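These numbers come from a predicted model, not from an experiment. Counting convention: from 1, in listed order, for ligands and their atoms alike. Just so you know, these numbers use all the heavy atoms, side chains as well, and skip hydrogens, waters and symmetry mates.
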Amino acid sequence: MEKPLALGIIGHPIGHTLSPIMHTVAAAYHGIELSYSAYDVKPENLSRAIDGIYTLSIDGINVTVPHKMAVMEFLDHVDDEAKIIGAVNTITREKGKLVGHNTDAYGFITSLKENAGVDPKGKWTVVYGAGGAARAIVIGLAMAGAERITIVNRTESKAVRLAVDAVQVAPDTTTQVAGADTNKLFESVSTADIIINATSVGMGAGGESLPGVERINENHLVADIVYSSSKTELLKQAEKAGARTLDGLWMLIHQGAAAFRLWTGKSFPVDQVREALVSKF
Ligand code: NAP
């Protein structure tokens with residue numbers, strides 16, 4: 001008898017993760033025997049956790065905050081897209097070696113195309129954030145042919161680095177950085193087709209908001225990758241302004257779908273997975 005596929009996720013904290021639900025639903029749909037465990041791994045134990053994955057013959061692992069960047073040095077190989085993004089969210093075992101991938105860019109771009117009906121090719125975009133998820137989204141937008149990407153981040157140096165990296169990937173894409181409260185920021189938001197929140201703002205803590213979002217209007221598609229049981233403040237505000245909206249659950253589902261395909265070669269039943277996630281909120 002074939003042994004069940006051993007999968008899991010490492011992060012810290014990890015209690016909130018929805019990944020076990022997604023992969024269990026997908027495995028049941030295909031009749032695949034699978035165990036998917038959530039492991040709380042403190043940063044100081046990351047290298048030992050990766051050794052454990054290797055020696056215990058775990059077949060695949062998702063990686064979440066705060067390990068997406070730090071994990072790269074412990075892997076045998078990291079694929080080109082994950083290297084450009086600078087973060088790994090999925091580990092596969094190939095001929096015994098641990099290989100790092102990043103499925104967040106695919107997840108976001110697929111949610112844009114399939115769930116909002118918008119192809120980023122030729123579009124003007126504003127991305128808030130320059131952390132791990134924002135890096136995947138900006139690189140994904142550049143690779144998908146976005147014409148202009150404006151990056152807005154609290155720590156401006158990270159935005160500048162990301163803008164430079166995106167142009168390396170897609171020289172035809174124009175990237176720029178806009179700081180808070182500048183005309184450039186207001187002009188960028190007003191003239192954009194797509195506005196994306198890829199910061200942690202909106203998770204509920206602190207009631208912070210993003211600079212420039214008061215310029216959102218009915219011409220915009222507004223995507224918030226933060227997912228929560230109710231609509232985020234940004235999406236509520238965007239709806240009020242008449243904009244179309246896209247929630248972060250779709251990105252989560254499509255990045256999971258790409259990981260599942262890497263591990264099993266099979267597709268995700270996306271509607272069933274979404275239904276299962278929504279019922280858990
Ligand atoms: P990260 O690497 O820690 O980056 C966090 C980002 O948020 C940085 O740009 C940071 O700015 C910014 N930020 C944090 N607090 C802020 C504040 N008070 N004001 C302004 N900016 C603030 O985290 P990440 O992995 O990119 O994740 C970001 C968010 O995306 C999280 O909510 C995560 O749950 C969500 N996410 C969703 C998906 C999905 O599939 N839907 C996938 C990945 C992540 P600085 O650079 O200035 O610190």
Checklist outcome for this item: Taken to the nearest 0.5 Å, the spacing of Leu112 CG from Ile196 CD1 works out to 6.5 Å
Item to check | Interfacing atoms of ligand 1 (cut-off 4.0 Å, heavy-atom, Val226) | outcome: 32 (O)
Item to check | Ligand-residue contact atoms, ligand 1 with Lys68, heavy atoms, under 4.0 Å | outcome: 43 (C)
Item to check | Selection from Thr232, Asp104, Thr155 by shortest heavy-atom distance to atom 45 (P) of ligand 1 | outcome: Thr155
Checklist entry - If you measure only the distance, is there a donor-acceptor pair under 3.5 Å linking the side chains of Thr173 and Glu147? => result no
Item to check | Check: Lys231 and Asp247 side chains under 4.5 Å, non-hydrogen atoms | outcome: no
Checklist entry - Looking only at heavy atoms, is any part of Ala130 under 4.0 Å from ligand 1, and if so is it the side chain, the backbone, or both, or is it neither? => result backbone
Checklist entry - Should Gly107 be listed as contacting ligand 1, given a heavy-atom distance under 4.0 Å as the test? => result no
Next on the checklist: Counting only heavy atoms, tell me which of Asp224, Ile225, Asn197, Asn89 gets closest to atom 30 (O) of ligand 1.
Outcome noted: Ile225
Next on the checklist: Within the 4.0 Å heavy-atom shell around Gly129, which atoms of ligand 1 are there?
Outcome noted: 9 (O)
Checklist entry - Which value, rounded to the nearest 0.5 Å, describes the distance between Thr245 atom OG1 and His220 atom NE2? => result 14.0 Å
Checklist entry - Applying the side-chain hydrogen bond (donor to acceptor under 3.5 Å, both in side chains) test to His12, which of Asp40, Asn45, Thr64 qualifies? => result Asp40
Checklist entry - Cut-off 3.5 Å, side chains only: do Arg148 and Thr191 have a donor facing an acceptor? => result yes
Checklist outcome for this item: Contact region, Phe108 to ligand 1, non-hydrogen atoms below 4.0 Å, reads neither
Checklist entry - Would you say Asp76's side chain and Val99's backbone share a donor-acceptor pair under 3.5 angstrom? => result no
Checklist entry - Quick one: does Ala133 get an N or O within less than 3.5 Å of an N or O on ligand 1? => result yes
Checklist entry - Which bit of Val201 gets closer than 4.0 Å to ligand 1, counting heavy atoms only: side chain, backbone, both or neither? => result side chain
Checklist entry - What are the atoms of ligand 1, with element, lying closer than 4.0 Å to any heavy atom of Val65? => result 25 (O)
Next on the checklist: Classify the ring geometry of Phe260 against Phe268: parallel below 30°, tilted from 30° to 60°, perpendicular beyond 60°.
Outcome noted: tilted
Item to check | Residue Lys158 vicinity, atoms of ligand 1 by number, heavy atom under 4.0 Å | outcome: 45 (P), 46 (O), 48 (O)
Next on the checklist: Under 4.5 Å between side-chain heavy atoms, counting indirect links through other Ile/Leu/Val/Met/Phe/Trp/Tyr residues: same cluster for Ile9 and Ile58 or not?
Outcome noted: no
Checklist entry - Looking only at distance, does Gly248 have an N or O less than 3.5 Å from an N or O of ligand 1? => result yes
Item to check | Salt-bridge criterion met for Lys97 and Glu94 (N-O under 4.0 Å) | outcome: no
Next on the checklist: Taking 4.0 angstrom as the limit and counting only heavy atoms of Leu252, give me the atoms of ligand 1 inside it, by number and element.
Outcome noted: 39 (C), 40 (O), 41 (N)
Next on the checklist: With a heavy-atom distance limit of 4.0 Å, tell me whether Asn153 approaches ligand 1 through its side chain, its backbone, both, or neither.
Outcome noted: side chain
Checklist entry - Which ligand 1 atoms does Ala198 reach within 4.0 Å, using its non-hydrogen atoms? => result 28 (C)
Checklist entry - Within 45° of the ring axis of Tyr54 and under 6.0 Å from its six-membered ring centre, is that where the NZ or CZ of Arg93 lies? => result yes
Next on the checklist: Checking the N or O distance criterion of under 3.5 Å, is ligand 1 in contact with Ser200?
Outcome noted: yes
